[in-house]
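Remarks on the structure that follows.
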Amino acid sequence: MVLFNVSGVETTPFDGQKPGTSGLRKKVKVFKQPNYLENFVQSTFNALTPQKVRGATLVVSGDGRYFSKDAIQIIIKMAAGNGVRRVWVGQNGLLSTPAVSAVIRERVGVDGSRATGAFILTASHNPGGPNEDFGIKYNMENGGPAPEGITDEIYENTKAIKEYLTADLPDVDITAIGVTSFGGPDGQFDVEVFDSASDYVKLMKSIFDFESIQKLLSSPKFTFCYDALHGVAGAYAKRIFVEELGAQESSLMNCVPKEDFGGGHPDPNLTYAKELVARMGLGKSNSEVEPPEFGAAADGDADRNMILGKRFFVTPSDSVSIIAANAVEAIPYFSAGLKGVARSMPTSSGLDIVAKNLNLKFFEVPTGWKFFGNLMDAGLCSICGEESFGTGSDHIREKDGIWAVLAWLSILAFKNKENLGGGELVTVEDIVRNHWATYGRHYYTRYDYENVDAGAAKELMAYLVKLQSSLGEVNEIVSGIRSDVSKVVHADEFEYKDPIDGSISKHQGIRYLFEDGSRLVFRLSGTGSEGATIRLYIEQYEKDPSKTGRDSQDALAPLVAVALGLSKMQEFTGRSAPTVIT
């Protein structure tokens, strides 16, 4: 093994985009530019302490999207060049983002080695293919995304880097399980290709009662389907749902991972998971086939989830609230009680009500899983969630789509343990409506305006901030649009002081809070690879049980009109309608 430096590296490849906890996401053609990927990887190695690089064990895998195989070979060689002792790669380069976190936290090599970090190759729920998106991010030894201090240093390094370190190695066969060893001036360097699912399946079996879920899935009353949207979740679906839990293989949809996700958009929502939505009886055309009792979908890297009942959509905000409310009795991992719960600021306030009723610690954090990770590392949070279809717990330090599905199956199994032989099945819809009867309902919707001109998006946000200086003017506008909407009593930009490390996160979303508990939230999202995405969140709380059964869009129509008028959305963006409504 010959080590060498490559000098003359192109500087500042990120076009001013700092890699956040979601990492760096760009079009494949951008990543294919000379030294572009190498710049990020070397800048990351340079941002880490020497003990986390030299002699260390790193994980390198991802969701299998186009360019992943090339990227894995590049990173393996650069790891060797930087003195890394061994690299672990999931078979075929596949590891879901939650599985990477699990591998870092749980896997022990035959020689006792443990991973200190990972390069995860994913652009999450963004499309894949030669003309679509690629992404890379680094996770730390706790299994969670690199904190802002590290990502800021990576970014600064990219602007000054002049060379990168690599090794002259042949490509490693990542399709076959086994160890490939190389000798070099610093000693042996190993690449171990291992089964992508084993460690993750073992962890899931330690959390959930698989036997009770198996009884549910084997009942003729209960029908089930799972859509991986041709993402990496397919590498786990057959193993868990079919081989471990006994579901029919026909219940799996789009569970063969593909580099281009089958030409689809691997985002588990009502817009992009069209096939599942239709199968669950929520499509625009009525099918004569009876829908399954339960359906779920995953995104490209399997950290997001969508939960559906028969002809019934469960909002992500409701989902995390219901899991938290039922976890102690339905999931063995939580039988001793919950340490606390947390949600991202844009997520509905449903979890707050559950926490108050159950006397649990509660935290509202900015969007970004690292904030949950800090709370979990401090032993303050057991279950958390984001409205963007992300739900998780302290078993790892990433959101976890399959975990959320197993949590729901556990709740269904618990609620139906006495009536699988006889009696009426307790359905997903029953569970949600009973939850509303107990805690009230948070009518909630999110409007996404994707690929908006970045300048126009910033102007809209600046206008909304400026408007907050005069609540009198705001309320004049509101009453002029809809006289039946409550008045605004508070408006701000959300700011968070982390109770663990004291760091302060500013400009985390623009909020308008109404007298009746309703909320409007506006955020710019950093998860796209082009343009800007404006997310508008609209929430209204209803505790009167006689009023919790309305159609969500009907109930929220007055607030939607206020949000669009107050923000001058069409005037700033030129858009008469959102790209996606959830």
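Computation of the quantities below employed the complete heavy-atom set of this structure, encompassing side-chain atoms and omitting hydrogens, waters and symmetry-equivalent molecules. Nothing fancy with the numbering, it's 1 onward along the sequence.
With hydrogens and angles left out, the side-chain atoms of Glu386 and Thr367 include no donor and acceptor closer than 3.5 Å. His125 and Asn269 share no donor-acceptor pair across their side chains, judged by distance under 3.5 Å alone. Checked by atom type, the side-chain pair Asp394/Tyr333 shows a donor-acceptor distance below 3.5 Å. In summary, the side chains of Asp448 and Thr533 do not present any donor paired with an acceptor at a separation below 3.5 Å, with no hydrogens or angles considered. A donor and an acceptor atom, one from each side chain of Asp63 and Thr122, are located under 3.5 Å apart. One side chain, Asp430 or Thr427, offers a donor N or O that lies under 3.5 Å from an acceptor on the other.
Side-chain contact between Arg446 and Ser388 is present, with at least one heavy-atom pair separated by less than 4.5 Å. Between Phe514 and Leu520 the shortest side-chain heavy-atom distance falls below 4.5 Å. Counting heavy atoms from C-beta on, the side chains of Val452 and Leu460 never come closer than 4.5 Å.
Here the closest heavy-atom approach between residue Phe494 and residue Pro366 is recorded as CE2-N, 3.7 Å. Here the closest non-hydrogen pair linking Ala146 and Met140 is CA-CG, 3.6 Å.
A donor-acceptor pair is defined here as one N or O able to donate and one able to accept, closer than 3.5 Å; such a pair exists between the side chain of Gln468 and the backbone of Asp492. Tyr272 contributes no side-chain N or O that, together with a main-chain N or O of Leu229, makes up a donor-acceptor pair within less than 3.5 Å. Judged by distance alone, the side chain of Ser124 and the main-chain N or O of Asn126 form no donor-acceptor pair under 3.5 Å.
Classification of Arg65 and Asp133 as a salt-bridged pair fails, no side-chain N sitting under 4.0 Å from a carboxylate O. Salt-bridge check for Arg535 with Glu387: failed, with every basic side-chain N at 4.0 Å or more from each acidic carboxylate O. A salt bridge links Glu132 with Lys27: the closest approach of a Lys/Arg side-chain nitrogen to an acidic carboxylate oxygen falls below 4.0 angstrom. Salt-bridge annotation for Arg511 and Glu493: absent, with no side-chain N of the basic residue lying under 4.0 Å from a carboxylate O of the acidic one.
Atom CG of Asp544 has more than 12 heavy atoms from other residues, nucleotides or ligands within 6.0 Å.
Shown here are the side-chain contact (heavy atoms from CB on, under 4.5 Å) partners of Lys506, two or more places apart in sequence or in another chain: Glu495, Ile504.
Among the candidates Asp301, Asp303, Asn139, the single residue satisfying the side-chain hydrogen bond (donor to acceptor under 3.5 Å, both in side chains) test with Thr97 is Asp301.
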